[in-house]
Amino acid sequence: MAGVVRCQVRAADGAGLIVWLHGREDLEVIAALIALARARLGDRVLYACTGPATATGIPGLPTGHRPVTARALTAAGFTQASAQRYFLRDLPGAPPAPPAYPLADVTVLTEPNGWRFELTDTDGQPLASATMLAPASATAGMAVLAQLTVQSRQRRRGIGSHLLAQCLNHAHVHGADHVTAVIPENGTAAARLLAGAAFLLLDTLTVYHCRP
């Protein structure tokens, strides 16, 4: 089999979705798959690479690993609709050292399962918060750092790194072998925070669109 493509029409707004396409990074095969999908979907707004690219369900084409597919989509008139940088941190056999005081209050979340971290100052004023999704068999033992926010007036004090350390420790204690995080392509400060905590940038996940 030279390649495969999956496409469908989104019920909510009638947009055409090229959910995923695989052509072994052969430009001619990928171009033919795109043309086939466009013929099936007809004259409508199209989005490409809307299917999950990771075990945790994040959509987009990993453009670093699939540059030929990205080039074929661009040649077919598709442009970037959104792009997110995908990071991974492996957790060692021993859990990362827990952070020193103060510790965030942790609330258990359901649907999906995870935790909410709330870090406050000694006077009860909020400093930072984070949300993590718990590891599961469907995510190959990975926890997901879904959100980490530091109050604007509290930034550049190491509070984000402090809270992130607690998140990593908590995830490991609760069975995570890895932690993933996704940030906007222009999230420079967030990228620095993750890199400082030994996260590795794996790729940029891009969703494309094309107007009729």
Side-chain angles (χ1 to χ4, degrees), residues 52-67 70 80 82-109 112-136 139-207:
T54 70
T56 53
I58 303 164
L61 177 74
T63 54
H65 288 80
R66 297 182 59 190
Q80 177 180 302
S82 65
Q84 303 180 93
R85 287 191 280 180
Y86 180 55
F87 288 81
L88 175 70
R89 161 74 191 266
D90 292 328
L91 297 178
Y101 177 86
L103 292 177
D105 292 326
V106 183
T107 303
V108 175
L109 304 177
N113 294 329
W115 310 280
R116 175 74 174 173
F117 300 81
E118 298 282 352
L119 184 63
T120 58
D121 209 341
T122 53
D123 61 359
Q125 293 298 311
L127 297 175
S129 63
T131 303
M132 293 195 77
L133 305 183
T139 62
M142 288 188 285
V144 180
L145 180 65
Q147 169 266 332
L148 192 155
T149 304
V150 178
Q151 295 292 320
S152 58
R153 66 184 182 280
Q154 305 293 350
R155 291 172 184 168
R156 301 185 182 277
R157 294 176 51 197
I159 291 173
S161 298
H162 180 93
L163 180 57
L164 181 54
Q166 183 177 349
C167 291
L168 294 175
N169 178 269
H170 193 88
H172 190 281
V173 169
H174 287 80
D177 297 318
H178 318 275
V179 176
T180 64
V182 173
I183 64 171
E185 190 177 30
N186 60 354
T188 305
R192 284 198 301 267
L193 174 66
L194 294 173
F199 279 78
L200 298 178
L201 174 61
L202 296 187
D203 215 322
T204 298
L205 306 178
T206 302
V207 175

Here the pair of heavy atoms bringing T204 nearest to A83 is CG2-CB, 4.0 Å

Close side-chain approach of L127 to H162, heavy-atom, < 4.5 Å: no

Sorted by chain and number, sequence neighbours left out, ring pair (Phe, Tyr, Trp, His ring centres under 6.0 Å) with H65 holds for none

Under the side-chain hydrogen bond (donor to acceptor under 3.5 Å, both in side chains) rule, what do S82 and Q84 come out as? Steps first, then yes or no, please. CA-CA 7 Å; S82 65; Q84 303 180 93; 5.5 Å; no

CZ of R66 to CG of L61, rounded to nearest 0.5 Å, is 5.0 Å

Report the C-alpha distance between V108 and W115 in whole Å, list the side-chain angles of each, state the deciding distance to 0.1 Å, and finish with yes or no for side-chain contact (heavy atoms from CB on, under 4.5 Å). CA-CA 5 Å; V108 175; W115 310 280; 4.3 Å; yes

Heavy-atom closest pair, residues A191 and I183: N-CD1, 3.5 Å

Atom pair CG/OH of D203 and Y86 - distance to nearest 0.5 Å: 10.5 Å

Classify the side-chain pair E118/T120 by whether it contains a donor and acceptor separated by less than 3.5 Å. no

T180 OG1 to D90 CG distance, which is reported to the nearest 0.5 Å: 11.0 Å

Are the side chains of P59 and L205 in contact, using a 4.5 Å heavy-atom criterion? no

Can you tell me how far apart CG (D121) and CD (Q151) are? Round to the nearest 0.5 Å. 11.0 Å

Nearest heavy atoms of A171 and M132, plus distance in Å: CB-CE, 3.8 Å

Write down the atom of G187, the atom of R85, and the distance for their closest heavy-atom approach. O-NH2, 3.5 Å

side-chain contact (heavy atoms from CB on, under 4.5 Å), that's the test. Do L145 and L164 meet it? Break it down for me. CA-CA 9 Å; L145 180 65; L164 181 54; 3.7 Å; yes

When you compare the side chain of E185 with that of T206, does any pair of heavy atoms fall below 4.5 Å? no

On a heavy-atom basis, the closest approach of L119 and P102 is CD1-O, 3.8 Å

When every non-hydrogen atom of G60 is compared with those of P62, the smallest separation belongs to O-CD, 3.6 Å

Euclidean distance, N169 CG relative to L91 CG, rounded to 0.5 Å: 9.5 Å

Please check: side-chain N/O of H174 versus main-chain N/O of P135, any donor-acceptor pairing under 3.5 Å? no

Distance (rounded to the nearest 0.5 Å) between Q147 CD and T131 OG1: 4.0 Å

Are any of the side-chain heavy atoms of L148 and V150 separated by less than 4.5 Å? yes

Do R89 side-chain atoms and A197 backbone N/O form a donor-acceptor pair below 3.5 Å? yes

Does any non-hydrogen side-chain atom of L88 lie less than 4.5 Å from one of M142? yes

Applying side-chain contact (heavy atoms from CB on, under 4.5 Å) to V106 and Q166, what does each step give before you reach the verdict? CA-CA 10 Å; V106 183; Q166 183 177 349; 3.7 Å; yes

Does any non-hydrogen side-chain atom of L193 lie less than 4.5 Å from one of F199? no

